[in-house]
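This report refers to the structure that appears directly beneath it.
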Amino acid sequence: MNLPNKITLLRVILIPFFLIFYMVPGIPAGKWIAFIIFIVASLSDMVDGKIARKYNLVTDFGKFMDPLADKILVCSAMIAMLPKGRIMAWVVIVIIAREFTISGFRLVAADNGKVIAAGMWGKVKTAVTMVMLVVLIADLGADFPGFSGPIRIAELILIYVSAILTIISLIDYLVHNKDVIATYK
């Protein structure tokens, strides 16, 4: 268990803590603690990848768990936002469906000895989605009601851009990996 893998596991361990602080009412500063936990967990993805590549610590465990940890973090945050009305259900469904589709493709590719790296659109989608989630967790419109209109507009723009990038990145992924589909005719 090398350092990047430990960081990946830390990200998974942080998810229940994020959910508790975000969802359980009455915890003093719960939203802000959840906000910090989510940012730390999100940044840990970048850190573990850089360490793994820089020090040649890439493992099969890391290749499997790192994207899975990201998906669990993102999906957990979005699902937790649904009862609070922070995000639309259709956006959550589109993003989760894309994640399942990509995961399925990666499993099929792995069966054929091929590792599929994240593309540029996928990386942009991930970055925008993480920023969107951070902004939605902060919920500044609730803290600054006088500015709630412009804040809600900014949140909606981030939500729609994230959804659009999710669809674009899925199409890009399918087009660039059509040979994976061809192996199962």
Side-chain angles (χ1 to χ4, degrees), residues 4-5 7-9 11-12 14-15 18-19 38-39 41-54 56-82 85-137 153-185:
N5 291 342
I7 294 171
T8 298
L9 286 177
R11 185 161 59 256
V12 173
L14 286 174
I15 294 168
F18 161 75
L19 291 171
F38 188 85
I39 289 174
S42 298
L43 292 176
S44 75
D45 178 37
M46 186 174 55
V47 171
D48 64 11
K50 285 187 186 282
I51 293 171
R53 286 185 296 278
K54 183 175 181 177
N56 196 26
L57 297 171
V58 176
T59 64
D60 288 338
F61 176 84
K63 287 179 193 174
F64 175 75
M65 272 308 291
D66 184 63
L68 183 61
D70 298 338
K71 288 171 185 24
I72 295 169
L73 176 65
V74 168
C75 293
S76 297
M78 289 189 305
I79 292 168
M81 291 178 183
L82 285 170
R86 300 295 299 135
I87 192 167
M88 298 80 86
W90 71 266
V91 173
V92 175
I93 292 166
V94 165
I95 292 173
I96 290 175
R98 183 244 185 229
E99 298 306 335
F100 274 109
T101 303
I102 301 300
S103 294
F105 258 77
R106 284 198 168 119
L107 287 173
V108 170
D111 267 356
N112 293 309
K114 182 176 179 184
V115 175
I116 301 176
M120 186 264 310
W121 283 109
K123 291 177 181 180
V124 171
K125 183 266 321 167
T126 298
V128 170
T129 300
M130 292 300 194
V131 169
M132 172 198 70
L133 291 171
V134 165
V135 168
L136 292 176
I137 292 163
I153 291 169
E155 290 172 350
L156 278 175
I157 290 169
L158 281 169
I159 289 169
Y160 282 111
V161 169
S162 181
I164 291 166
L165 287 172
T166 296
I167 294 166
I168 290 170
S169 69
L170 175 62
I171 293 167
D172 178 67
Y173 192 89
L174 295 175
V175 167
H176 283 95
N177 296 290
K178 60 184 173 259
D179 58 314
V180 174
I181 298 172
T183 61
Y184 281 94
K185 285 187 177 179

Tested for side chain to side chain donor-acceptor pair (under 3.5 Å) against Thr59, the lone hit among Asn5, Thr8, Asp66 is Asn5

Look up atom [atom1] in [X] and atom [atom2] in [Y], then write down how far apart they are to the nearest 0.5 Å.
X: Asp48; Y: Leu43; atom1: CG; atom2: CG; value: 11.0 Å
X: Phe64; Y: Asp60; atom1: CZ; atom2: CG; value: 11.0 Å
X: Met132; Y: Ile157; atom1: CE; atom2: CD1; value: 14.0 Å
X: Leu136; Y: Met81; atom1: CG; atom2: CE; value: 5.0 Å
X: Ile164; Y: Ile159; atom1: CD1; atom2: CD1; value: 12.0 Å

Okay, side chain of Asn177, backbone of Tyr173: is any donor-acceptor separation there less than 3.5 Å?
yes

Minimum heavy-atom distance [X]-[Y], with the two atoms named:
X: Leu57; Y: Pro4; result: CD1-CD, 3.8 Å
X: Ser44; Y: Ala41; result: OG-O, 2.6 Å
X: Leu158; Y: Val128; result: O-CG1, 4.4 Å
X: Ile15; Y: Ser76; result: CG2-OG, 3.6 Å
X: Ile96; Y: Cys75; result: CG1-SG, 3.4 Å
X: Val74; Y: Met130; result: CG2-CE, 3.6 Å

Please table the atom pairs, donor to acceptor, closer than 3.5 Å between any side-chain atom in residues 117-126 and protein atoms at least two apart or in another chain.
from	atom 1	to	atom 2	distance (Å)
Lys125	NZ	Glu99	OE2	2.7
Thr126	OG1	Gly122	O	2.9

Check: Under the side chain to side chain contact (heavy atoms under 4.5 Å, CB included) criterion, do Ile51 and Val47 qualify, and how do the steps go?
Finding: CA-CA 6 Å; Ile51 293 171; Val47 171; 3.7 Å; yes

Could you pull out all residues at least two apart from [X] that satisfy side chain to side chain donor-acceptor pair (under 3.5 Å)?
X: Asp70; answer: Arg11
X: Ser103; answer: none
X: Ser162; answer: Thr129
X: Arg106; answer: none

Should the heavy atoms of other residues, nucleotides or ligands under 6.0 Å from CZ of Phe61 be counted, would the total exceed 12? yes

Please evaluate residues Ile95 and Met78 with respect to the criterion side chain to side chain contact (heavy atoms under 4.5 Å, CB included), reporting the C-alpha separation (whole Å), side-chain torsions for both, the decisive distance (0.1 Å), and the verdict.
CA-CA 9 Å; Ile95 292 173; Met78 289 189 305; 3.4 Å; yes

What's the verdict on side chain to side chain contact (heavy atoms under 4.5 Å, CB included) for Leu68 and Met65, showing C-alpha distance, side-chain angles and the deciding distance?
-> CA-CA 5 Å; Leu68 183 61; Met65 272 308 291; 3.9 Å; yes

Salt bridge (Lys or Arg N to Asp or Glu O under 4.0 Å) filter on Arg86, not counting sequence neighbours, yields Asp139, Glu155

Parallel, tilted or perpendicular: rings of Phe18 and Phe38 (30°, 60°):
tilted

Carefully, step by step, assess Ile7 and Met46 under the rule side chain to side chain contact (heavy atoms under 4.5 Å, CB included).
CA-CA 10 Å; Ile7 294 171; Met46 186 174 55; over 6 Å; no

